[in-house]
Student: 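Submitted below is the structure of interest, expressed as structure tokens.
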Amino acid sequence: MTQKERQENSKREIFRAAMEEFGTKEYETVTMEGICAGHKISKGMMYHYYSNKDQLFLLCVADTFQKVKEYVEQATDGQRANTFEAIQHFFLLRERYFEHHPLEKNVFENAMIHPPKHLARQITQLHQPLQQMNQDFLRQVISHMQLRPGLSPADVASYLECVAPVFPTFVHQRQEQKTANTHSMLCAAEQVLQMILYGVVQEQPETMGSKSGPL
């Protein structure tokens with residue numbers, strides 16, 4: 001084995017250990033010493049390649065973002081024909097990926113839901129390609145929609161992008177009183193998406209454009 005191969009093996013070993021730690025714990029509780037002790041990695045080898053846990057965390061975040069991006073790109077290929085089904089499929093993809101990749105799910109949530117403040121800029125930069133892919137997909141789907149007057153494709157894309165992360169939570173809440181299976185999940189997803197796309201209140205002609213008076 002060459003020196004380069006040994007170095008690559010060492011980096012892979014450290015990366016797997018870091019993923020295990022950041023994938024099962026909160027960022028604040030992970031330490032370099034804990035990674036070394038828990039995975040039988042010498043401190044000399046660890047600090048030869050990485051000087052602090054921020055480097056390892058960002059490495060795990062970058063890998064997670066890339067894997068999610070690749071999964072979504074592959075799964076959405078050719079899924080734009082039916083607008084409603086395409087959006088529903090897109091909204092559920094990340095949840096389906098994380099069902100089988102719990103370590104990546106925890107890393108993703110540590111980065112996106114409660115990111116370390118001092119790493120916010122780096123995380124935003126790493127997330128940009130994934131965010132751009134989301135925006136491109138939604139814009140293509142929206143181009144086939146008949147939008148309400150006064151709404152631009154950019155407005156709708158921004159709205160759907162904000163809704164996407166919480167969509168699975170809405171679906172699970174709707175599914176609580178039903179049998180937990182794929183059919184019931186899809187039914188709940190359809191109901192939630194109907195409300196998201198078409199609203200929940202029938203707009204009354206006499207109130208359209210009116211301004212609220214004093215209470």
Student: Would you call the rings of F90 and F137 parallel, tilted or perpendicular, where under 30° means parallel and over 60° means perpendicular?
Tutor: parallel
Student: Within the structure provided, determine whether K67 and H101 are in side-chain contact (heavy-atom separation under 4.5 Å).
Tutor: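 No; the side chains remain at least 4.5 Å from each other.
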Student: With no hydrogens and no angle check, just 3.5 Å: does a side-chain donor-acceptor pair link Q140 and D136?
Tutor: no
Student: Could you label the plane-to-plane angle of the F108 and H127 rings as parallel, tilted or perpendicular, counting under 30° as parallel and over 60° as perpendicular?
Tutor: perpendicular
Student: Report yes or no: do Q74 and E70 form a side-chain donor-acceptor pair below 3.5 Å?
Tutor: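 Absent: no donor and acceptor within the cut-off.
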Student: Is L126 linked to I113 within one hydrophobic cluster, defined over Ile, Leu, Val, Met, Phe, Trp and Tyr using a side-chain heavy-atom separation of less than 4.5 Å?
Tutor: no
Student: Between E26 and H114, is there a side-chain donor-acceptor contact under 3.5 Å, judged purely by atom types and distance?
Tutor: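 Not at all, the side chains of H114 and E26 share no donor-acceptor pair under 3.5 Å.
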Student: How many angstroms lie between CD in E104 and OH in Y71, if you round to the nearest 0.5 Å?
Tutor: 12.5 Å
Student: Quick one: pull up CD1 in I41 and CE in M46 and give me the separation to the nearest 0.5 Å.
Tutor: 5.0 Å
Student: Mark yes or no: K11 above the aromatic ring of Y50, with NZ or CZ under 6.0 Å from the six-membered ring centre and no more than 45 degrees from the axis.
Tutor: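 That pair does not qualify as a cation-pi contact.
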Student: Could you give the distance from CZ (R16) to SG (C60), rounded to the nearest 0.5 Å?
Tutor: 12.0 Å
Student: State, yes or no, whether a side-chain contact exists between N110 and K25 at a heavy-atom distance under 4.5 Å.
Tutor: no
Student: Can you confirm whether Y97 sits close enough to L93 that some side-chain heavy atom of one is under 4.5 Å from a side-chain heavy atom of the other?
Tutor: no
Student: Have N9 and R6 got a donor and an acceptor in their side chains that come within less than 3.5 Å?
Tutor: no
Student: To the nearest 0.5 Å, what is the distance between CD1 on I14 and CD1 on I35?
Tutor: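 Going from the CD1 atom of I14 to the CD1 atom of I35 covers 9.0 Å.
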Student: Going by atom types alone, do H39 and E13 pair a side-chain donor with an acceptor below 3.5 Å?
Tutor: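 No donor-acceptor contact under 3.5 Å links the two side chains.
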Student: Testing the basics here: between A111 and I123, what is the closest heavy-atom pair and its distance to 0.1 Å?
Tutor: O-CG2, 3.7 Å
Student: Quick one, F91 and V171 - any side-chain contact, counting heavy atoms below 4.5 Å?
Tutor: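 No, every pair of side-chain atoms sits at 4.5 Å or beyond.
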Student: Are M32 and K43 close enough, and set up right, to give a side chain to side chain contact (heavy atoms under 4.5 Å, CB included), and what steps lead you there?
Tutor: CA-CA 8 Å; M32 295 285 275; K43 291 184 179 180; over 6 Å; no
Student: For H89 and R96, run side chain to side chain contact (heavy atoms under 4.5 Å, CB included): C-alpha distance rounded to whole Å, both residues' side-chain angles, the deciding distance at 0.1 Å, then the answer.
Tutor: CA-CA 10 Å; H89 179 70; R96 287 171 174 164; 3.6 Å; yes
Student: Ignoring hydrogens and angles, tell me if any N or O in the side chain of K69 forms a donor-acceptor pair with the backbone of M133 under 3.5 Å.
Tutor: no
Student: Kindly give the heavy-atom pair with the smallest separation between Q55 and S51, and that separation in Å.
Tutor: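 So the minimum-distance heavy-atom pair works out to OE1-N, 2.7 Å.
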Student: So which atom in D155 and which in G150 form the shortest heavy-atom distance, rounded to 0.1 Å?
Tutor: OD2-O, 4.3 Å
Student: Please evaluate residues N52 and F57 with respect to the criterion side chain to side chain contact (heavy atoms under 4.5 Å, CB included), reporting the C-alpha separation (whole Å), side-chain torsions for both, the decisive distance (0.1 Å), and the verdict.
Tutor: CA-CA 9 Å; N52 55 63; F57 180 66; over 6 Å; no
Student: Do I87 and T83 come close enough that some side-chain heavy atom pair is under 4.5 Å?
Tutor: yes
Student: So how far is it from E20 CD to N106 CG, rounded to the nearest 0.5 Å?
Tutor: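 So the gap between those two atoms works out to 10.5 Å.
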Student: Would you say T124 and P115 make side-chain contact, with heavy atoms under 4.5 Å?
Tutor: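 Contact flag for T124/P115 side chains = no.
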Student: Would you mind telling me which of M112, E95, R94 makes a side-chain contact (heavy atoms from CB on, under 4.5 Å) with P165?
Tutor: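 For P165, the side-chain contact (heavy atoms from CB on, under 4.5 Å) check succeeds only for R94.
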Student: How many angstroms lie between OH in Y159 and CG in L197, if you round to the nearest 0.5 Å?
Tutor: 7.0 Å
Student: Could you tell me whether the side chain of L160 reaches within less than 4.5 Å of the side chain of I142, counting heavy atoms only?
Tutor: yes
Student: Contact between Y27 and D54 at the side-chain level, heavy atoms closer than 4.5 Å - yes or no?
Tutor: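 They are in contact (side-chain heavy atoms under 4.5 Å apart), so the answer is yes.
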Student: Does E5, at its CD atom, have more than 12 non-hydrogen atoms belonging to other residues, nucleotides or ligands within less than 6.0 Å?
Tutor: yes
Student: Minimum heavy-atom separation for L92 to A189, with atom names?
Tutor: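 It is CD1-CB, 4.0 Å.
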Student: Do Y198 and L138 land in one hydrophobic cluster if side-chain heavy atoms of ILVMFWY residues count as linked below 4.5 Å?
Tutor: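 Yes, because Y198 and L138 connect within a single hydrophobic cluster, where side-chain heavy atoms sit under 4.5 Å apart.
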